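Inspection log for the structure reproduced underneath, given as structure tokens.
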Amino acid sequence: MTGANETSTTNGNTNGHTTMPTTESPRPLNLTGKTAIVTGSARGIGAGIALELGSRGANIVVNFTSESSRSNAEKIVSKIESLATGAKAVTVHASVVDKVGQQALIDAALKLGSGHIDILVHNAGNGDDRYLTDITEEFYDMQMDINLKAPIFLTQLALPHIPRGGRVIIVSSVSARMGVPQQTVYAASKAATEALARVWATELGQSRGITVNCVNPGPVATDMYYASDQSFIDALKPMIDSTPAEARIGEVRDIAPLVGFLASEESRWVTGSVVSASGGLLFF
Ligand SMILES: NC(=O)c1ccc[n+]([C@@H]2O[C@H](COP(=O)([O-])OP(=O)(O)OC[C@H]3O[C@@H](n4cnc5c(N)ncnc54)[C@H](OP(=O)(O)O)[C@@H]3O)[C@@H](O)[C@H]2O)c1
């Protein structure tokens, strides 16, 4: 674990498909004094969420698992600490599927701020595509472990430390409802996370004062999207061109502010919801 001090505005993705997520306008400092864990936050959507919450004043645990993401994670930490909001940040090198890794995330969060975990964002994900005929049990276990099992057990571990007013936010996907070919396991895992939000909204609502919601992006220009087969990307192009809001792919900056809202006190009456962040590709 490191808390690096370099400053940088480098690219948030390893392959340069999108620029480092930035906060284009000053954000309200409505998360000052809160502490957030954002899983998978060295690049892509997670990096944007870490910066969004940090720019609102929250202390952030920036998590990565690939060694290649280490320097990006350190740059995200530096960026958050250079925002002059007073927010602190730290990197944690840990896999979310691993109990030791999960505990490292919790421990880092508790050390960082007030001894609470106010906001838990399950963003880490695997989006590999496979036709039904090609799925192996190993593939099933790998994708389900990252996308579904990890949010369940990391939330369970964090729960004793989440105070009333706490927020659990899951980055799911429109794929949960779209029936896109090659997404048997991915879509099933993401649909299951929507179920988590509904069950936990009830289970953790009145008793613990915690809200739980999913944010469902449509296609977003990140490493995950561009790792898809060219045939997959070509097949999605007409759909992307018909996106109601604008004829373009989503960007990290389209998604992160929504998580900022769901993390804030102002979202207190939103729980068990699935918020589509797809430019209207899917309305629900
Ligand atoms: N891009 C899209 O079109 C799209 C659309 C809908 C939903 N989503 C969802 O949005 C989330 C973020 O996706 P993205 O597009 O930003 O993906 P990405 O650029 O491929 O990044 C994936 C992230 O997940 C992390 N991760 C993977 N396995 C992990 C593990 N075992 N432990 C900890 N972290 C792990 C990676 O960490 P490292 O950097 O350390 O490898 C990385 O930060 C995912 O849940 C994805 O399903 C994406």
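Counting starts at 1 for both ligands and their atoms, in listed order. These numbers come from a predicted model, not from an experiment.
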Any idea which part of A150 is under 4.0 Å from ligand 1, heavy-atom wise: side chain, backbone, both or neither?
neither

Backbone N/O of A94 and side chain of N63: donor-acceptor pair under 3.5 Å
yes

Under 4.0 Å, heavy-atom basis, I'd like to know which part of P217 is in contact with ligand 1: side chain, backbone, both or neither.
both

Under a 4.0 Å heavy-atom limit, does N147 contact ligand 1 with its side chain, its backbone, both, or neither?
neither

Within the structure, is a non-hydrogen atom of S172 found at a distance of less than 4.0 Å from ligand 1?
yes

Taking the non-hydrogen atoms of N126, is any one of them nearer than 4.0 angstrom to ligand 1?
no

Contact partition for A227 relative to ligand 1, non-hydrogen atoms under 4.0 Å
neither

Against heavy atoms of F64, which atoms of ligand 1 measure under 4.0 Å?
40 (O)

Atoms of ligand 1, numbered as shown, that sit under 4.0 Å from any heavy atom of D223:
19 (O)

Using a strict 4.0 Å threshold on nitrogen-to-oxygen distance, state whether R56 and E52 make a salt bridge.
yes

Compute the shortest N/O to N/O distance between S173 and ligand 1 and return yes if it is under 3.5 Å, no if not.
no

For ligand 1, which atoms have a heavy atom of N63 less than 4.0 angstrom away?
33 (C), 34 (N)

Is any N or O atom of V174, backbone or side chain, closer than 3.5 Å to an N or O atom of ligand 1?
no

Hey, which atoms in ligand 1 end up nearer than 4.0 Å to a heavy atom of A94?
32 (N), 33 (C)

Ignoring angles and geometry beyond distance, decide whether P219 reaches within less than 3.5 Å of ligand 1 through its nitrogen or oxygen atoms.
no

